[in-house]
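Keep in mind that what you see is a predicted model, and the values were worked out from it rather than measured.
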Amino acid sequence: SYSHTLSDEETAARFLEMATFGPTRELVNDLVTVTGTNLKSKFAQFVTDQIAAPVGSHREYFRKRLNQRMTETFNIGVSGPAPCEKNSRWRRFAFTEKDKILSGSRTMEYKTVTTSDSTIIYTLSFMGHLRTVLTEPLRYYTNFRNSDDSVAVPVGEFNICQVESIEGSRRPPKGKISP
């Protein structure tokens, strides 16, 4: 018959495989080199220490690095849960194709707001929900060949006629438009 006794390092590694996202040499050595106690009490102390440690959020870590594209949500544009709260969804553009469909009887509101420190900001709202805040006024280009040829959009209410669910501007760089 075959018998094999695990070393303290192997036992610690097996424990860490179950108690963490995987053992590291440093964690194994930390568990094995504590003198004066047996492995079971070292494991118990490790678990106690982990419970006492500050809570880290894998969800928060993950969301800071990846945010799936969301073209619409249940409550579009509602100031909603904070980024790590349940049911929070975020996108990097203000309007969706669904807004274009809904805008037949509703308008987008564009207005200026003066903050408490006298800074002027520009807001875009749709169906009573704030969608985005701008630090500069909206502009439209009367001639795409000349980036200086732009006009500030006046404040007011507008219908949404076209939506491109992209970040930033798709305006081509100067000199890249064929006649």
Side-chain angles (χ1 to χ4, degrees), residues 19-22 24 26-27 47-179:
T20 66
F21 285 109
T24 63
E26 181 182 2
L27 277 175
V47 171
T48 302
D49 293 344
Q50 291 300 304
I51 291 171
V55 176
S57 171
H58 178 69
R59 181 177 182 178
E60 178 183 9
Y61 176 88
F62 182 76
R63 284 194 160 207
K64 284 182 181 176
R65 287 154 181 81
L66 177 71
N67 191 5
Q68 66 187 13
R69 179 180 173 168
M70 194 62 196
T71 56
E72 51 188 85
T73 62
F74 180 73
N75 292 318
I76 296 176
V78 172
S79 297
C84 291
E85 290 181 13
K86 183 179 177 184
N87 297 324
S88 64
R89 303 302 285 262
W90 302 89
R91 58 179 180 242
R92 294 182 177 181
F93 44 89
F95 300 101
T96 67
E97 192 65 32
K98 186 175 180 182
D99 297 328
K100 177 182 163 188
I101 295 165
L102 291 174
S103 73
S105 60
R106 298 168 182 96
T107 58
M108 176 208 53
E109 183 182 18
Y110 173 56
K111 65 181 182 177
T112 59
V113 176
T114 304
T115 64
S116 60
D117 65 352
S118 300
T119 303
I120 296 176
I121 57 174
Y122 304 85
T123 63
L124 290 169
S125 301
F126 184 68
M127 295 176 55
H129 300 291
L130 178 65
R131 291 297 184 88
T132 193
V133 176
L134 307 169
T135 56
E136 296 179 10
L138 279 176
R139 304 189 75 74
Y140 69 90
Y141 294 88
T142 57
N143 181 350
F144 281 108
R145 295 177 191 196
N146 182 355
S147 63
D148 298 327
D149 191 11
S150 67
V151 177
V153 174
V155 297
E157 293 187 0
F158 301 91
N159 288 324
I160 300 173
C161 300
Q162 181 178 349
V163 173
E164 293 184 19
S165 301
I166 59 169
E167 289 184 53
S169 172
R170 285 186 60 176
R171 191 170 76 62
K174 219 174 181 182
K176 297 288 183 185
I177 298 177
S178 56

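To the nearest 0.5 Å, atoms NZ (Lys111) and CD (Glu157) are separated by 10.0 Å. If you take OG1 on Thr114 and CD1 on Ile120, they are separated by 5.0 Å, rounding to the nearest 0.5 Å. Note that the OG1 atom of Thr107 and the CZ atom of Phe158 stand 9.5 Å from one another [nearest 0.5 Å].
Annotation: Gln50, atom CD; neighbour count of heavy atoms from other residues, nucleotides and ligands within 6.0 Å is above 12. Residue-environment remark: CG (Leu134) exceeds the threshold of 12 foreign heavy atoms within 6.0 Å.
Every side chain to side chain contact (heavy atoms under 4.5 Å, CB included) that Thr119 has, sequence neighbours left out, goes to Thr115, Asp117, Ile121.
The heavy-atom pair separating Leu124 from Met108 by the smallest distance is CD2-SD, 3.3 Å.
Residues Val155 and Tyr110 have side chains in contact (heavy-atom distance under 4.5 Å, counting atoms from C-beta outward).
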